[in-house]
Amino acid sequence: MSTALYVLSTVTGYLLTSALLMKCPSLLHRRKREAFRSRHISHRGGAGENLENTMAAFRHAVDLGTDMLELDCHLTKDEEVVVSHDAGLQRAAGVSGHIADMRYAELPPYLCKLGVTFQRECFCEGGEDKRIPLLSDVFDAFPNTPVNIDIKVDDDTLIKKVSELVVRYQREHLTVWGNANNKITKKCHRENPRIPVLFSLPRVLQLLGLFYTGLLPFVPLKEQFLEIPMPSIINKLRDPDRLTRSHRLVAWMADTLLMRKTLFDHLTARGIQVYIWVLNDEEDFQRAFDLGATGVMTDFPTRLKDFLDREGTSEPR
C-alpha cells in the first residue's frame with residue numbers, strides 16, 4: 001500500500017470511529033451518574049423578580065418549582081460563608097467596602113432597587129427581605145433543592161468552608177460548584193472530589209478544541225456540568241446603536257462555535273448536563289432546548305415556568 005493510501009485509510013478510519021463515538025459514547029465511556037437533572041434554574045434566585053441572592057428570591061423560585069438555585073459565595077472577615085455576587089458592596093448595598101473586610105453582623109442590607117444584569121434597562125425592586133444570607137440559611141431552608149455554587153474568589157478558606165457545609169448538610173449529591181477560573185475549580189475538585197464540578201473557561205475552550213478536531217469522543221472528562229452563555233444575547237443586552245460591527249461579528253462567531261447540538265447531545269449522552277445562561281425571553285428558551293440543552297438559567301423564573309408548562313416539559317427528564 002502506498003503512503004498516500006495508508007494515510008487516507010487511517011484518516012478515514014479515525015473519522016468514522018470519531019463519528020460513531022460521538023453518537024454512541026457509551027461504547028468507550030461509562031455514563032456519569034446523575035443525582036438530579038435540572039431544566040429550570042433560577043439565576044441568583046431569580047434576580048428579575050426579587051432582589052438577587054436573597055432568601056425571598058430563593059423561596060419564590062422554590063415555590064414555583066425550580067429545579068435548581070444558582071448563587072454566589074464569599075467569605076466574611078469572621079469566616080462566615082455568605083451568598084452575594086459581588087466582592088464589593090457598592091453596587092448592591094450602596095456603601096464602600098468589601099465583604100471580606102467585614103464581620104457578618106456588620107454587613108449592610110441590599111438596596112431596595114437593583115439592576116438586572118442580563119436584562120437591558122431593567123430593575124428589580126424588593127420587599128422586606130434585603131438581608132445578605134448565609135449559605136447555611138439556604139441549605140436549612142431548602143434541604144432537597146439542588147444548588148449551583150459559584151465560588152467567586154480564589155480563597156482556600158472559602159472553598160474549605162463551603163465543602164464543610166455541603167458535607168454537614170449531606171448535600172454532595174445535590175450540589176455543583178466551581179468558577180470560570182480554572183485554578184479555583186481545580187481547588188474545588190481537590191478539596192472535595194465528591195462534589196461535581198462545572199467546566200471552567202479554559203476547560204470550555206479545551207472542550208471546543210477537542211470537539212472540532214474530532215478528539216472529544218476519545219477523551220475522559222471529570223466535569224459533570226457545562227454552563228455556557230448564549231453569545232447572541234449580547235444583541236439584547238447592549239444598546240443596538242452602540243454595538244459595532246466587530247462586536248456583532250465576535251458575538252456571531254462565538255455563538256456559532258458554542259451553540260452546537262451535536263456537542264450538547266454527546267455530552268448529555270455521557271451524563272454531563274448542559275446549562276445555558278442567562279436567558280430571559282421565550283425565543284431564547286426555545287432555542288436553547290431545541291439545541292439540546294439540559295436546562296436554562298434565568299432571571300425570571302415565572303417566565304421560564306410558564307414556558308415549560310405550555311410546552312409540557314416542566315418536569316426534568
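Numbers for residues simply follow the sequence, beginning at 1.
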Within the 3.5 Å criterion, strictly below it, is a donor on [X] or [Y] matched to an acceptor on the partner's side chain?
X	Y	value
Asp140	Tyr169	yes
Asn192	Glu164	no
Glu49	Thr302	yes
Ser200	Asn182	yes
Asn53	Ser84	no
Thr185	Asn179	no

Can you tell whether the side chains of [X] and [Y] come within less than 4.0 Å, N to carboxylate O?
X	Y	result
Glu106	Arg103	no
Asp281	Arg287	no
Asp309	Lys305	yes
Arg91	Glu52	yes
Lys77	Asp101	no
Glu282	Arg303	no
Arg131	Asp137	yes
Glu191	Lys187	no

- Item | Other residues, nucleotides, ligands: >12 heavy atoms within 6.0 Å of Lys222 NZ | yes
Less than 4.5 Å apart, side chain to side chain, heavy atoms only: is that true for [X] and [Y]?
X	Y	result
Pro146	Leu69	no
Leu134	Phe139	no
Leu111	Lys130	no
Leu267	Leu207	yes
Leu71	Val138	yes
Val82	Ile99	yes
Asp255	Met230	yes
Pro133	Met55	yes

Spell out, as yes or no, whether a donor-acceptor pair under 3.5 Å connects the side chain of [X] to the backbone of [Y].
X	Y	result
His74	Ile151	no
Asp155	Leu158	yes
Thr298	Pro301	no
Tyr104	Ile132	yes
Ser163	Ile159	no
Thr175	Glu172	no

- Message: Can you give me the closest heavy-atom contact between Val81 and Cys73, atom names plus distance?
- Response: CG1-SG, 3.9 Å
Rounded to the nearest 0.5 Å, how far does [atom2] of [Y] lie from [atom1] of [X]?
X	Y	atom1	atom2	result
Thr262	Leu216	OG1	CG	11.0 Å
Leu64	Asp306	CG	CG	8.5 Å
Phe300	Leu279	CZ	CG	12.0 Å
Asp299	Asn50	CG	CG	11.5 Å
His60	Thr54	NE2	OG1	10.5 Å
Leu135	Lys161	CG	NZ	12.5 Å

Report, one line per pair, each donor and acceptor closer than 3.5 Å where one atom sits in a side chain of residues 116-124; sequence neighbours left out.
from: Thr117; atom 1: OG1; to: Arg44; atom 2: NH1; distance (Å): 3.4
from: Arg120; atom 1: NE; to: Lys236; atom 2: O; distance (Å): 3.3

- Passes side chain to side chain contact (heavy atoms under 4.5 Å, CB included), Leu308 versus His40? Steps please. CA-CA 8 Å; Leu308 292 172; His40 185 294; 4.0 Å; yes
- Message: If you apply the rule side chain to side chain contact (heavy atoms under 4.5 Å, CB included), what do you find for Lys32 with Arg270, and how did you get there?
- Response: CA-CA 6 Å; Lys32 295 179 185 293; Arg270 289 174 67 166; 5.9 Å; no
- Pairs in or reaching into residues 173-204: which pass ring-ring contact (aromatic ring centres under 6.0 Å, His included), with residues at least two apart or in two chains? none
- Item | Shared hydrophobic cluster, Leu15 / Leu215 (ILVMFWY, side-chain heavy atoms < 4.5 Å) | yes
- Could you give me the CA-CA distance, side-chain angles and deciding distance for Met102 and Thr76, then say whether side chain to side chain contact (heavy atoms under 4.5 Å, CB included) is met? CA-CA 6 Å; Met102 296 185 181; Thr76 63; over 6 Å; no
- Task: Would you confirm whether the ring centroid of Phe218 sits within less than 6.0 angstrom of the ring centroid of Phe211?
- Result: no
- Message: Could you walk me through whether Glu80 and Leu75 satisfy the side chain to side chain contact (heavy atoms under 4.5 Å, CB included) test, starting with their C-alpha distance in whole Å, then the side-chain angles of each, then the deciding distance to 0.1 Å, before giving a yes or no?
- Response: CA-CA 6 Å; Glu80 294 285 356; Leu75 198 67; 5.8 Å; no
- Task: Please state whether the rings of Phe142 and Phe58 are parallel, tilted or perpendicular, taking 30° and 60° as the class boundaries.
- Result: perpendicular
